[in-house]
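None of these values were measured; they are calculated from a predicted model. Here is how names work: the chains are called A, B, and so on, in the same order as the sequence lines, proteins then strands, and each is numbered from 1. Computed over heavy atoms, backbone and side chain alike; hydrogens, waters and symmetry mates excluded.
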2 protein chains.
Amino acid sequence: MADTDWPGCARSLKGVILDMCGVLYDSGEGDGVAIPGSIEAVKMLKASDLQLRFCTNETQAARETFVAKLQRLGFDILVSEVFSPAPAAAAVLKERGLRPHLLVYDGLLPEFDSVDQSNPNCVVIGDAAEKFTYQNLNEAFRVLTDLEKPLLFSLGQGRYYKETDGLKLDVGAYMKALEYACDLKAEVVGKPSPTFFQSVLNDMGLQPHEVLMIGDDLVNDVGGAQRCGMRGVQVRTGKYRPGDETHPAVTADATVDSLARAVDALLRQRQQTP
Amino acid sequence: MADTDWPGCARSLKGVILDMCGVLYDSGEGDGVAIPGSIEAVKMLKASDLQLRFCTNETQAARETFVAKLQRLGFDILVSEVFSPAPAAAAVLKERGLRPHLLVYDGLLPEFDSVDQSNPNCVVIGDAAEKFTYQNLNEAFRVLTDLEKPLLFSLGQGRYYKETDGLKLDVGAYMKALEYACDLKAEVVGKPSPTFFQSVLNDMGLQPHEVLMIGDDLVNDVGGAQRCGMRGVQVRTGKYRPGDETHPAVTADATVDSLARAVDALLRQRQQTP
């Protein structure tokens with residue numbers, strides 16, 4: 001499919017969900033860098049008649065801190081427009097009376113301030129990055145093996161992501177390590193969990209077929225959205241790799257060079273007379 | 001099955017293979033500690049008419065260093081009696097013209113001295129312990145993703161093991177992390193690979209049904225040996241956990257409290273008249 005040959009749905013769309021890291025910016029030292037054209041693309045979507053939400057598996061920072069970083073990079077984004085796994089997980093833990101042992105990045109800890117963490121009866125892992133030490137993983141493993149019913153929550157299940165200094169293993173790899181060691185299956189909070197996508201659709205008040213997801217992660221963004229009934233478009237930025245375009249299980253509704261190209265094509269097609 | 005109620009095969013056996021860590025000794029600070037009765041049990045087996053070999057997935061030290069440690073603990077063991085994954089892997093790499101990027105414990109590096117490590121075209125991971133850092137795992141991951149045909153060798157696939165200060169994640173957990181991140185299946189060198197067990201049987205010149213494997217790891221020692229046609233007995237030391245006795249997929253031919261109890265029962269039964 002050519003870059004601008006949309007799947008004939010552009011005019012019927014009422015909302016767009018954007019993944020953030022690898023679509024809006026590349027993370028890395030400091031705030032990272034905005035991907036060329038993305039700041040303008042977000043502006044154009046906001047100026048359009050489409051609803052816009054952001055849906056990220058970012059778990060290195062509390063939502064407020066994370067959004068402030070994007071605002072510093074020049075993005076017009078509000079905290080209320082951003083959906084991320086940690087607040088969703090905190091809600092689940094409280095609802096089920098669970099007390100987590102947290103293996104998450106320090107910056108994410110504030111999201112769990114209101115959750116009782118004494119005498120843990122489950123483990124929550126996020127993208128802990130440098131905190132994924134041998135010692136910390138052994139500790140999380142021991143908490144799980146000491147539980148009568150080991151319960152592991154993973155904030156997302158990404159395989160890897162790209163920072164300015166190269167590809168990094170994401171939380172999903174460490175989730176698999178603990179799943180194997182403990183012989184259990186983790187509960188994933190975040191993309192591609194249907195519950196998580198549905199919470200964004202609910203907030204928009206839209207049906208899945210009215211919404212397009214744009215992401216750099218073929219399986220979690222595109223495939224996850226498609227399984228919920230949304231359209232899914234992949235951008236060739238961030239963690240995109242050429243092999244994605246021949247993936248055996250997931251085929252994007254379109255693959256485009258960047259968010260800028262995607263938004264340009266989308267809005268142009270919506271302006272054409274039917 | 002009662003501790004000493006052997007599966008009626010004791011008299012037909014011609015050889016015994018012993019796992020080492022968790023059967024002979026518990027690892028930990030320094031040389032670790034011999035498990036009570038194990039030193040004598042090895043002596044008794046050596047004094048019997050049974051052939052004896054040791055088969056370990058130990059990958060923290062070169063075989064010479066590892067055997068020297070066991071000798072210091074008081075065990076009568078020779079290097080030539082010990083089968084471990086690293087020498088087996090080095091042979092495979094040379095045979096197939098592969099140049100490894102090694103993520104292994106420093107002490108294991110001498111086993112690969114004779115293997116070309118320039119311009120790597122595969123990754124080999126062992127139980128790297130503290131060397132399983134976020135940085136080192138990302139590096140191994142990047143080597144794999146840069147290869148046209150990513151190839152990962154894992155020295156064993158253990159889930160965890162016990163040291164004197166608690167349970168630790170074993171190489172299998174990190175193998176699963178890299179398998180997931182790279183969407184590949186590792187080649188396992190070591191237990192429970194049938195090729196590996198067969199190399200021990202070849203050295204003994206025995207048929208599988210003539211040999212008994214004794215280990216603390218239900219899946220890799222007992223299950224692995226059974227899949228090769230050997231008998232498999234689990235000891236309740238090392239990484240043994242009570243849940244092993246109701247494992248859905250693997251049932252030991254017998255479960256005994258310790259190697260000492262196993263050898264005592266085995267030799268006693270062999271002395272009884274038929």
Nearest 0.5 Å, what's the OH-CG distance between A/Tyr160 and B/Asp183?
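So the gap between those two atoms works out to 9.0 Å.
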In Å, rounded to the nearest 0.5 Å, how long is the span from CZ of A/Phe132 to CZ of B/Phe132?
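Those atoms lie 15.0 Å apart.
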Under 4.5 Å from any heavy atom of chain B - which part of [X]:
X        : result
A/Glu139 : neither
A/Asp165 : backbone
A/Ala128 : neither
A/Asp170 : neither

Quick one, A/Leu137 with B/Tyr134, criterion side chain to side chain contact (heavy atoms under 4.5 Å, CB included). Give me CA distance, side-chain angles, the key distance, then yes/no.
CA-CA 11 Å; A/Leu137 282 161; B/Tyr134 180 63; over 6 Å; no
What is the minimum heavy-atom distance between [X] and [Y], and which atoms define it?
X        : Y        : value
A/Leu167 : B/Thr145 : CD1-OG1, 4.0 Å
A/Gln135 : B/Glu130 : NE2-CG, 3.8 Å
B/Ala173 : A/Ala181 : CB-CB, 4.4 Å

Between A/Tyr180 (side chain only) and B/Gln157 (backbone N and O only), is there a donor and an acceptor less than 3.5 Å apart?
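Yes: the side chain of A/Tyr180 pairs with the backbone of B/Gln157.
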Any donor-acceptor N/O pair, A/Asn138 side chain to B/Lys168 backbone, under 3.5 Å
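Here the side-chain-to-backbone pair does not exist.
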Are there over 12 heavy-atom neighbours, none belonging to A/Lys162, within less than 6.0 Å of that residue's NZ?
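Counting neighbours around NZ of A/Lys162, 12 or fewer heavy atoms of other residues, nucleotides or ligands fall under 6.0 Å, so no.
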